[in-house]
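None of these values were measured; they are calculated from a predicted model.
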Amino acid sequence: MSRLLHRDTVPPVPAAELTVRSADGSRIHVELHGPEDAPAVALAHGWTCNTRFWDAQIRDLAADHRVIAYDQRGHGLTPEPGPGGYSTNALADDLEAVLAATLAPGRRAVLAGHSMGGMTVMAAAARPGLREHAAAVLLCSTGSTRLAAEARVLPLRAGALRTRITTAVLGAKAPLGPVNPVSRKILKYATMGAGSAPDRVDACARIVHACPRRARVEWGHVLAELDLAAGVRELRVPTAVIAGTDDRLTPPVHARAIAAALPVGLGLTELAGMGHMTPVEAPEAVTAKIRELVTRYVATGTAAERKAATAEKEDVA
């Protein structure tokens with residue numbers, strides 16, 4: 001399967017790639033970027049996307065961070081799943097497996113999840129693997145429940161009819177077809193702010209249209225029935241939230257509810273004029289927030305660990 005370009009540039013070259021086995025035997029494609037001993041960041045992309053969605057963040061952060069990015073099951077270079085199929089429990093299994101395979105015991109990272117990637121973090125909130133490895137979390141453009149009811153993609157009044165049609169759209173089996181001016185216009189309306197630059201719209205369209213139809217449909221069914229409100233309350237690590245004010249897929253009502261319910265909330269940043277694809281639409285803002293979390297919750301600890309390890313070696317010598 002071809003890898004897609006961000007803003008018509010060559011994708012970042014990973015320092016290493018590996019295949020991780022999840023709890024049900026599913027193979028998960030993982031990329032590692034940047035110095036192995038640098039402060040760590042793990043990136044989980046959203047529905048119909050792949051690791052290329054994070055190219056702007058990877059390019060910036062990999063200079064001085066260990067960046068872990070992976071393709072969610074059925075997306076990108078990760079094939080269709082094993083017996084665990086498509087569920088929020090499987091998403092949590094996959095994240096735990098990736099963290100265990102890429103971080104030494106006790107090593108902590110900032111976890112950033114966009115859309116379904118944020119839902120992945122919420123689904124794994126009570127898992128031992130997340131609590132061992134998560135120093136802080138950034139939730140971008142995501143929701144925990146009532147996705148179909150709150151989505152504003154369809155220009156209809158909120159209510160049962162809009163919810164039913166939105167649910168049907170999420171699980172629609174029709175192919176997306178090729179990327180062309182019409183499909184780009186549709187994608188921009190549904191997922192991005194009105195002022196989004198054409199190259200960013202094109203990058204998102206190429207990523208979304210490359211998603212295998214079965215993964216898009218199966219995960220669409222999962223999202224339509226999503227209820228991770230309990231996961232938000234279990235997310236007991238410092239957590240920041242980012243949302244676009246013009247997000248039609250997961251409107252800011254979701255971000256506000258999540259920010260209010262977090263046990264260790266760091267506040268909500270609302271990006272004026274941005275839609276659902278915030279890491280692509282506003283890459284500088286998202287990257288800056290990740291760096292802020294690393295500086296506050298990871299870098300100091302990493303430096304202390306290195307100092308302790310050096311002292312231990314000197315004592316042994």
Between Glu234 and Arg236, is the closest basic N to carboxylate O distance under 4.0 Å? yes
Could Glu96 and Arg21 be called an ion pair, given the rule that one side-chain N must be under 4.0 Å from one carboxylate O? no
If you measure from CG on Leu139 to CG on Leu266, what distance do you get to the nearest 0.5 Å? 10.0 Å
Are the side chain of Thr287 and the backbone of Pro283 linked by a donor-acceptor contact shorter than 3.5 Å? yes
Taking the side chain as everything from C-beta on, heavy atoms only, tell me whether Met192 gets closer than 4.5 Å to Cys204. yes
Is Met122 reachable from Val237 through a run of hydrophobic residues whose side-chain heavy atoms are each under 4.5 Å from the next? yes
Can Ser115 and Thr142 be said to form a side chain to side chain donor-acceptor pair (under 3.5 Å), step by step? CA-CA 4 Å; Ser115 191; Thr142 191; 5.5 Å; no
Over-ring placement of Arg108 relative to Tyr297, 6.0 Å and 45° cut-offs: no
Looking at residues at least two apart in the chain, or sitting in another chain, which of them share a side chain to side chain contact (heavy atoms under 4.5 Å, CB included) with Val169? Ile165
Side-chain heavy-atom pair Leu111, Leu99 within 4.5 angstrom cut-off: yes
Any salt bridge between Arg52 and Asp71, counting N to O under 4.0 Å? no
Between Asp247 and Ser141, is any pair of side-chain heavy atoms under 4.5 Å apart? yes
Any side-chain to backbone donor/acceptor pair from Trp219 onto Tyr86? Under 3.5 Å, distance only. no
How long is the gap from SG on Cys140 to CD1 on Ile290, to the nearest 0.5 Å? 6.5 Å
Side-chain donor or acceptor of Thr163 paired with backbone N/O of Gly159 under 3.5 Å: yes
Is the closest basic N to carboxylate O distance between Arg73 and Asp24 below 4.0 Å? yes
Salt bridge flag under 4.0 Å for residues Arg200 and Glu281: no
Measure the spacing between OG1 of Thr51 and CD of Gln57 and express it to the nearest 0.5 Å. 12.0 Å
Going by distance alone, is a donor N or O of one side chain under 3.5 Å from an acceptor N or O of the other, for Thr78 and Gln72? no
Are any non-hydrogen side-chain atoms of Leu130 and Leu235 less than 4.5 angstrom apart? yes
Backbone of Pro81 reached by a side-chain donor or acceptor of Ser26 within 3.5 Å: no
Taking the side chain as every heavy atom from C-beta outward, state whether Leu32 and Val67 have any pair of such atoms under 4.5 Å apart. no
Is there a donor-acceptor contact under 3.5 Å linking the side chains of Glu17 and His29? yes
The side chain to side chain contact (heavy atoms under 4.5 Å, CB included) partners of Ala23 (sequence neighbours excluded) come to Asp93
So, Asp60 and Arg291, do they make that salt bridge, N to O below 4.0 Å? yes
Honestly curious: do Leu43 and Ile28 fall in one hydrophobic cluster under the side-chain, below-4.5 Å linking rule? no
Strictly distance-based, threshold 3.5 Å: is any side-chain N or O of Ser22 a donor or acceptor partner for the main-chain N or O of Gly25? no
Flag yes if more than 12 heavy atoms outside Glu225 fall under 6.0 Å of its CD atom; otherwise flag no. no
So does Arg66 pair up with Asp37, basic N to acidic O under 4.0 Å? no
Check for a donor-acceptor pair, side chain of Arg233 on one end and backbone N or O of Pro263 on the other, with a separation under 3.5 Å. no
Just verifying a value: how many Å separate Ile58 CD1 and His65 NE2, rounded to the nearest 0.5 Å? 13.0 Å
Taking all non-hydrogen atoms of both residues, which atom of Ala240 and which atom of Lys289 are closest, and how far apart? CB-CD, 4.2 Å
For the residue pair Gly84 and Ala90, what are the closest heavy atoms and their distance? O-CB, 4.1 Å
Taking Gly193's backbone N and O only, do any of them form a donor-acceptor pair with Lys188's side chain (distance below 3.5 Å, no angle check)? no
Can you confirm if the aromatic rings of Phe53 and His114 lie within a centre distance of less than 6.0 Å? yes
Inspect the contact between Arg256 and Glu270 and indicate whether a charged nitrogen and a carboxylate oxygen are less than 4.0 angstrom apart. yes
Tell me whether Trp54 shares a hydrophobic cluster with Leu91, the cluster being built from Ile, Leu, Val, Met, Phe, Trp, Tyr side chains joined at under 4.5 Å. no
Kindly work out whether a path of hydrophobic side-chain contacts (I/L/V/M/F/W/Y, heavy atoms less than 4.5 Å apart) joins Ile258 to Leu268. yes
How close do His33 and Ala62 get, heavy atom to heavy atom, and via which atoms? CB-CB, 3.9 Å
How long is the straight-line distance from NZ of Lys173 back to CZ of Arg214, given to the nearest 0.5 Å? 10.0 Å
CZ of Arg27: more than 12 outside heavy atoms within 6.0 angstrom? no
Looking at Leu154 and Arg162, what are the two nearest heavy atoms and their distance? O-CD, 3.9 Å
Can Asn50 and His75 be counted as having a side-chain donor-acceptor contact under 3.5 angstrom? no
Has Thr278 got a side-chain atom pairing as donor or acceptor with Val286's backbone, closer than 3.5 angstrom? no
Trp47 and Leu95: same hydrophobic cluster, using ILVMFWY side-chain contacts below 4.5 Å? yes
